Amino acid sequence: MSILLAIESSCDDTSAAVLRDQYLLSNVIASQEVHRRYGGVVPELASRAHQQNIVPVVDEAVRQAGIELKEIDAVAFTRGPGLLGSLLVGVSFAKGLSQALERPIIEVNHLQAHVLSHFIKLDESTQTPQFPFICLLVSGGHTQIMLFRDHFDYEILGQTIDDAAGEAIDKAAKIMDLGYPGGPIIDELAQKGNPDAYHFATPNIPDYDYSFSGIKTSFLYFLRDQLKDDPDFIEHHKEDLCASIQNTIVSFLMKKLEKAVLKHHVRQVAIAGGVSANSLLRQRVTEAGRRHGWTVFVPQRKFCTDNAAMVGIAAYFKYLRGEFADISLPPYAR
Ligand code: KG4
Ligand code: ZN
């Protein structure tokens, strides 16, 4: 039996979680509100907020888990990729705590953690993926189709050559002045809109790669044209615009994912990362699973966006292998 404390601080969420083996005991997330008024994450403010949040968040995670600090067998943390100043807060805290408790540290890659979140068990009935499986990882910083043969043995089948899917959604929201982060706002407004109201061209990219910067640009130019005739165009067609841009992005994501899964004859398919919280993507991947007879894994919404539970589960599989990190280890941004 192992008890792990995990810390995530790669971007703008400060999070701590406690796991007993594969089972989640607590997962506390402090989302930083300071960035909203800037319409994006301000790195300098993010590290300061992590510095303020980290002790209370860890305390709360330990309290909710009903454990004592001395019961912890190892301290895990996100090493990268992410914002360096933000990562440093979590890395330094984890190292300090591990020294004080005389326990080892485990470093975790943020992207692997997003995918491995599917192995978190809430109770005995939780179903987890079997290898091999394909995961579409879609977040604010990454868009990748990954083939997993084992927990840490994977191949990137395709990825974006420019913007990430989440980045494109956030930028579309910014163009419409909807607020930050745009993903959840567009998701919500799209529920009331017509997804076929407008069409935005998707680029012809070979194999399983993606490109989102052109979609964003064609959306921008389309709006510019419309605004010339009707200055209130966005206000009047907000729902349709959200539904249409979301439909464009999700359909593109699904097209490549389906192609990759069929080509590799894989029967287990997962989505992960912040954009996997999107209602339309969740619906589409579930439908595709039904159509093709795949077993589909859609994470609970709280495990889609950044959280320490996913760091803890990734660390658990490293703990089983005895893969501990050196105390001098630095974080990495990319
Ligand atoms: O994984 P994540 O929390 O952070 C990164 O590692 O990047 O992903 C954040 C991204 C943002 O772009 C956000 O707009 C997007 O996930 N997102 C969504 C939804 N919820 C979060 N995108 C579409 N629909 C949502 N419901
Ligand atoms: Zn993330």
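All values derive from a computational prediction rather than experimental measurement. As the structure lists them, so they are numbered: ligands from 1, and atoms in each ligand from 1.
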State yes or no: are the ring centers of Phe317 and Phe119 separated by less than 6.0 Å? yes

Residue His114 vicinity, atoms of ligand 1 by number, heavy atom under 4.0 Å: 1 (O), 6 (O)

Within 45 degrees of the axis of the six-membered ring of Tyr23 and under 6.0 Å from its centre: does Arg20 put its NZ or CZ there? no

Among Ile185, Leu178, Ile169, side-chain contact (heavy atoms from CB on, under 4.5 Å) partner for Cys242: Leu178

Would you give me the side-chain donor-acceptor pairs under 3.5 Å for residues 156-167, sequence neighbours excluded?
from, atom 1, to, atom 2, distance (Å)
Gln159, OE1, Gln144, NE2, 3.4
Thr160, OG1, Asp162, N, 3.2
Thr160, OG1, Asp163, O, 2.5
Asp162, OD1, Phe212, N, 2.8
Asp162, OD1, Ser213, N, 3.1
Asp162, OD2, Ser211, OG, 2.6
Asp162, OD2, Ser213, OG, 3.4
Asp163, OD2, Lys171, NZ, 3.4
Asp163, OD2, Lys216, NZ, 3.1
Glu167, OE1, Ala164, N, 2.9

Test: Glu258 and Arg291 ion pair at under 4.0 Å: yes

On a heavy-atom basis, I'd like to know which of Ala277, Ser279, Gly274 is closest to atom 8 (O) of ligand 1. Gly274

Provide the closest heavy-atom pair for Ile234 versus Ile175 in the form atom of the first, atom of the second, distance. CD1-O, 4.2 Å

Given a cut-off of 2.8 Å, the protein N, O or S atoms lying below it from the Zn ion (ligand 2) are His110 NE2, His114 NE2, Asp306 OD1

Got the closest protein heavy atom to atom 26 (N) of ligand 1, with its distance? Asp187 OD2, 2.9 Å

Here the atoms of ligand 1 under 4.0 Å from any heavy atom belonging to Gly141 are 7 (O)

In this structure, is the centre-to-centre distance between the rings of Phe133 and His118 below 6.0 Å? no

min-distance protein heavy atom vs atom 13 (C) of ligand 1 -> Asp170 OD1, 3.8 Å

Atoms of ligand 1 close to Gly166 [distance to a heavy atom under 4.0 angstrom, numbered from 1]: 12 (O)

Show me, pair by pair, the donor-acceptor contacts under 3.5 angstrom made by side chains of residues 304-311, not counting sequence neighbours?
from, atom 1, to, atom 2, distance (Å)
Asp306, OD1, His110, NE2, 3.1
Asp306, OD1, His114, NE2, 3.1
Asn307, OD1, Ala309, N, 3.1
Asn307, OD1, Met310, N, 2.9
Asn307, ND2, Phe303, O, 3.4
Asn307, ND2, Thr305, O, 2.8

So side-chain hydrogen bond (donor to acceptor under 3.5 Å, both in side chains) across residues 314-327, not counting sequence neighbours, yields Asp326-Ser328

Please report the C-alpha distance between Ser279 and Arg301 in whole Å, then the side-chain angles of each, then the deciding distance to 0.1 Å, and finally whether the side chain to side chain donor-acceptor pair (under 3.5 Å) criterion is met. CA-CA 10 Å; Ser279 312; Arg301 279 203 163 80; 3.2 Å; yes

Pick one of side chain, backbone, both or neither for how Thr305 approaches ligand 1, counting any non-hydrogen atom pair under 4.0 Å. both

How many angstroms lie between CG in Leu137 and CD1 in Ile145, if you round to the nearest 0.5 Å? 10.5 Å

Any donor-acceptor pair under 3.5 Å linking the side chain of Asn109 with the backbone of Gln112? yes

Using a 3.5 Å cut-off on N or O atoms only, is Pro181 in polar contact with ligand 1? no

Looking only at the aromatic ring of each residue, does the gap between the centers of Phe148 and Phe131 stay below 6.0 angstrom? no

Can you pull out the closest protein heavy atom to atom 7 (O) of ligand 1? Residue, atom name and distance to 0.1 Å, please. Gly140 N, 2.8 Å

What protein heavy atom lies closest to atom 22 (N) of ligand 1? Include the residue and the distance to one decimal. Gly183 CA, 3.4 Å

Among the heavy atoms of Pro184, does any lie under 4.0 Å from an atom of ligand 1? yes

Provide, to 0.1 Å, the distance between atom 24 (N) of ligand 1 and the closest protein heavy atom, together with that atom's residue and name. Asn278 ND2, 3.1 Å

Is the shortest distance from a heavy atom of His142 to ligand 1 less than 4.0 Å? no

Of all protein heavy atoms, the one nearest atom 2 (P) of ligand 1 is Asp306 OD1, 3.4 Å

Looking at atom 6 (O) of ligand 1, what's its closest protein heavy atom, distance included? His110 NE2, 3.2 Å

